[in-house]
> 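Once you've had a glance at the structure underneath, I'll fire off some questions.
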2 protein chains.
Amino acid sequence: MGARPTIHDVATRAKVSPATVSRLLNGSARVGPDTEAVVRQAMEELGYVPSRLAQSFARGSSRTIALLVDGDGQSLQGNAFLMTIALGLGDVLADADYSIRIINGHQAMRQNRQSAAEWTRDRWRRHEFDGAVITNPTMTDALIEAIGAASIPAVVIGRYPHAQGLVQVDVDNVGGMRMATTHLTEQGHRRIAFLGPPPSLTVSSDRRQGYMEALARAGIKSDSDWLLETEGTDLEAFSFEAAHRTMTSALNQPWSWTAVVACNDEMALGAVRALTEKGLRVPEDVSIVGFDDLPFAHMVTPALSTVHQDIRQLGQHAGRALLAAVEGKPVAELTIQTVSFVTRASTAKANAFDWALDLET
Amino acid sequence: MGARPTIHDVATRAKVSPATVSRLLNGSARVGPDTEAVVRQAMEELGYVPSRLAQSFARGSSRTIALLVDGDGQSLQGNAFLMTIALGLGDVLADADYSIRIINGHQAMRQNRQSAAEWTRDRWRRHEFDGAVITNPTMTDALIEAIGAASIPAVVIGRYPHAQGLVQVDVDNVGGMRMATTHLTEQGHRRIAFLGPPPSLTVSSDRRQGYMEALARAGIKSDSDWLLETEGTDLEAFSFEAAHRTMTSALNQPWSWTAVVACNDEMALGAVRALTEKGLRVPEDVSIVGFDDLPFAHMVTPALSTVHQDIRQLGQHAGRALLAAVEGKPVAELTIQTVSFVTRASTAKANAFDWALDLET
DNA sequence: GCTCTGCGTGAAACCAGTTACAGAAAAATC
DNA sequence: GATTTTTCTGTAACTGGTTTCACGCAGAGC
């Protein structure tokens with residue numbers, strides 16, 4: 001058939017005004033039952049679908065939310081996280097007829113020498129999106145602050161200390177780590193190391209705190225020798241390689257712990273590698289727990305005991321919060337999502353010898 | 001201050017017509033040098049940014065491409081793949097001022113009881129996007145065919161046999177598997193098993209073919225006992241669990257191979273688990289290779305030897321192809337991207353004993 | 001000096017909806 | 001039965017750009 005039918009065509013065919021069709025379409029006002037029937041039939045016959053372009057334009061809103069990513073990051077791991085968040089957002093936002101657009105801040109530089117923050121703000125002003133989701137620590141602090149300052153409705157996933165007025169959604173890092181550590185104490189471990197970056201980011205400090213709390217609750221006096229700190233920039237310090245290096249050098253000196261809690265799964269695997277290279281077995285010689293329950297955590301051998309978080313649900317929380325923010329409704333400043341510990345094969349009971357050793361000291 | 005400046009405000013301030021401003025903005029016609037200076041200054045002073053909503057509307061195109069995903073899939077692994085593809089698309093499309101929208105076909109059902117295919121077609125007709133990227137086997141055949149039939153510009157990632165006129169982009173599955181298998185023969189292995197789903201999908205049949213070819217080239221006569229077939233629906237048959245089951249039952253019978261090539265990394269890990277449970281060591285007792293080089297492949301112990309594919313680059317290829325398709329330029333029907341084999345710790349030389357055994361038969 | 005060409009520019013139509021306003025008809029109230 | 005209220009519908013302005021067409025003006029060609 002010819003060109004795409006417009007609301008006008010429908011109106012003509014149904015012998016009503018376009019206004020009436022529009023009203024029927026989005027229920028903005030009441031329409032008589034017989035009129036409705038006629039119009040619906042006309043729409044049916046013409047196969048009419050309203051142009052979203054025109055709708056957005058007329059309404060002055062694209063009903064789109066932006067998922068801000070920093071596309072230079074090579075981390076496939078992070079990508080899995082992001083896409084899962086995106087799906088969670090979609091679960092919530094699709095019902096409200098919003099769609100999700102991926103905006104890669106890193107491209108700003110390449111394109112117009114603008115800062116990512118300015119660039120994002122411009123795109124917001126161009127009505128490319130109504131609100132944004134930012135994942136920390138993927139994005140730089142400057143960007144997050146700029147978003148806040150421009151008063152763009154936004155939610156930050158992963159806590160961010162300096163965000164003013166920004167809505168935040170995060171998993172219970174301290175609770176999760178407490179559960180992981182407690183699992184080890186319950187298995188009889190008394191000397192437990194923590195492998196992680198220095199507490200410069202909220203994630204790392206929260207997780208370390210959870211470890212500390214669990215120790216305290218179990219009546220164990222923590223030892224600074226048990227703090228295995230990785231090195232590198234913020235993101236590097238969370239990596240497999242950093243964990244492997246730190247663990248290897250720790251094993252080159254005398255050590256006393258029988259279990260290690262790693263700041264995330266990737267680092268747990270780094271530890272496993274280092275241990276294996278020294279001829280030690282997991283979990284027979286040392287138990288290991290991780291955090292995140294990444295997709296591969298149950299596939300590695302031994303399967304990793306770790307803290308599970310429902311990332312898609314996290315995305316849904318973020319979606320709901322953002323929706324409220326965009327529509328100007330009141331929003332909780334901070335939503336913390338609960339996590340759970342899953343016991344697999346990388347942890348085992350502390351053996352009798354270790355018990356004895358511990359009682360001795 | 002006050003309201004957002006429009007092209008009209010700029011025109012008034014610069015004492016020209018809006019048409020001239022528009023022309024300058026997108027270089028659609030020449031503008032005198034002095035006019036240009038005046039207009040640019042006016043834009044600067046007002047802090048003018050054109051409304052993308054209005055632009056899209058006027059041009060009748062949203063300059064958006066859709067990344068079609070099937071959001072019910074729980075596979076975080078697949079999510080990493082999708083987001084990486086998205087970033088690759090972005091690398092190419094952002095330069096052409098296109099943006100990427102995630103469209104989750106699975107939500108169609110929940111929402112309007114429409115089939116995903118109809119739903120997608122409607123959204124296309126609503127001008128929500130100009131072209132689409134489909135990843136196979138995430139999406140159903142029906143959808144892919146419907147997209148083709150509706151003549152929506154689209155590219156399929158991963159080959160799809162029944163696609164007519166659809167542009168396809170894929171990695172070199174047969175070449176990759178040939179390399180992986182050849183690596184094993186070069187290490188002295190003569191009896192090599194293939195762990196994978198039956199060849200119902202293009203991916204699986206291509207990969208199996210690569211294995212066969214490598215065997216043939218090495219002068220090895222393949223044995224049907226070496227074909228370890230997993231079971232389950234298309235996607236399940238590619239999973240860790242399926243591989244683990246098949247491998248376990250294979251090990252409960254006498255077997256003769258000294259190495260196994262798995263259809264993908266996940267399945268390789270399933271094999272490692274089964275082997276380990278039987279007290280066999282990787283790679284000392286049996287060597288294993290995978291395919292995909294997923295992010296964790298180098299983090300597991302032993303690190304997995306596997307076929308590496310540059311997924312982001314794959315996304316870039318797809319982006320270029322789609323761009324051409326959208327703009328009506330000629331496009332190569334099929335782009336095959338080369339892959340490389342990376343040797344890590346899960347493969348080792350066949351030992352002398354096995355050699356002897358082989359010569360004997 | 002007159003016509004021809006081409007460049008730069010403005011006026012106005014156009015894209016496809018939404019919505020404020022007003023008016024007519026029907027229903028409710030007194 | 002007259003008045004008020006409510007419900008339904010149409011008219012027309014508006015969203016902010018793009019693009020066609022026509023025209024004025026300058027330099028080139030004769």
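Chain letters run A, B, ... following the sequence lines, proteins first, then strands; residues in each count from 1. As the structure is a computational prediction, the values presented were derived from the model and not from experiment.
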> How long is the span from the CG atom in L67(B) to the CD1 atom in I100(B), to the nearest 0.5 Å?
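So the gap between those two atoms works out to 7.5 Å.
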> From dG17(D), dT19(C), dT19(D), pick the nucleotide closest to the side chain of A19(B)?
dT19(D)
> So V21(B), base contact, sugar-phosphate only, or nothing? Heavy-atom distance under 4.0 Å.
nothing
> Expressed in angstrom and rounded to an integer, what is the separation of R125(A) atom CZ from dG16(D) atom C1'?
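Rounding to the nearest Å, CZ of R125(A) and C1' of dG16(D) are 15 Å apart.
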> For Q337(A) and D310(A), indicate whether the former's side chain and the latter's backbone hold a donor-acceptor pair under 3.5 Å.
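Checking the backbone N and O of D310(A) against the side chain of Q337(A), a donor-acceptor pair under 3.5 Å is found.
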> Kindly say if S17(A) contacts the phosphate of dG10(D), meaning a side-chain N or O under 4.0 Å from OP1 or OP2.
yes
> To the nearest 0.5 angstrom, please state how far the OG atom of S62(A) sits from the CZ atom of R126(A).
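It comes to 11.5 Å.
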> Show the numbers, then the answer: is there a side chain to side chain contact (heavy atoms under 4.5 Å, CB included) between R59(B) and N26(B)?
CA-CA 12 Å; R59(B) 295 200 261 246; N26(B) 39 42; 3.6 Å; yes
> Should the pair F57(A) and F57(B) be assigned to parallel (<30°), tilted (30 to 60°) or perpendicular (>60°) ring geometry?
parallel
> Distance check needed: dA16(C) P versus H127(B) NE2, whole Å only.
7 Å
> For side chain to side chain contact (heavy atoms under 4.5 Å, CB included), just list the numbers for I103(B) and R101(B), CA-CA rounded to whole Å, side-chain angles, deciding distance to a tenth of an Å, and then say yes or no.
CA-CA 6 Å; I103(B) 294 196; R101(B) 175 168 298 207; 4.0 Å; yes
> Keeping the roles fixed (side chain from R121(B), backbone from I152(B)), state whether a donor-acceptor pair exists under 3.5 Å.
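Checking the backbone N and O of I152(B) against the side chain of R121(B), no donor-acceptor pair under 3.5 Å is found.
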> What nucleotide among dT9(C), dT18(C), dG17(D) has an atom nearest to a side-chain atom of I7(A)?
dT18(C)
> Among residues 22-42 of chain B, which contact DNA chain D at a heavy-atom distance under 4.0 Å?
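Nucleic-acid contacts, sorted: S22(B), R23(B), N26(B).
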> Could you list the residues that satisfy salt bridge (Lys or Arg N to Asp or Glu O under 4.0 Å) with K15(A), not counting sequence neighbours?
none
> Contacts to DNA chain D from residues 46-59 of chain B, heavy-atom cutoff under 4.0 Å, which residues?
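Y48(B), P50(B), S51(B), A54(B), Q55(B), F57(B), A58(B), R59(B), in order of number.
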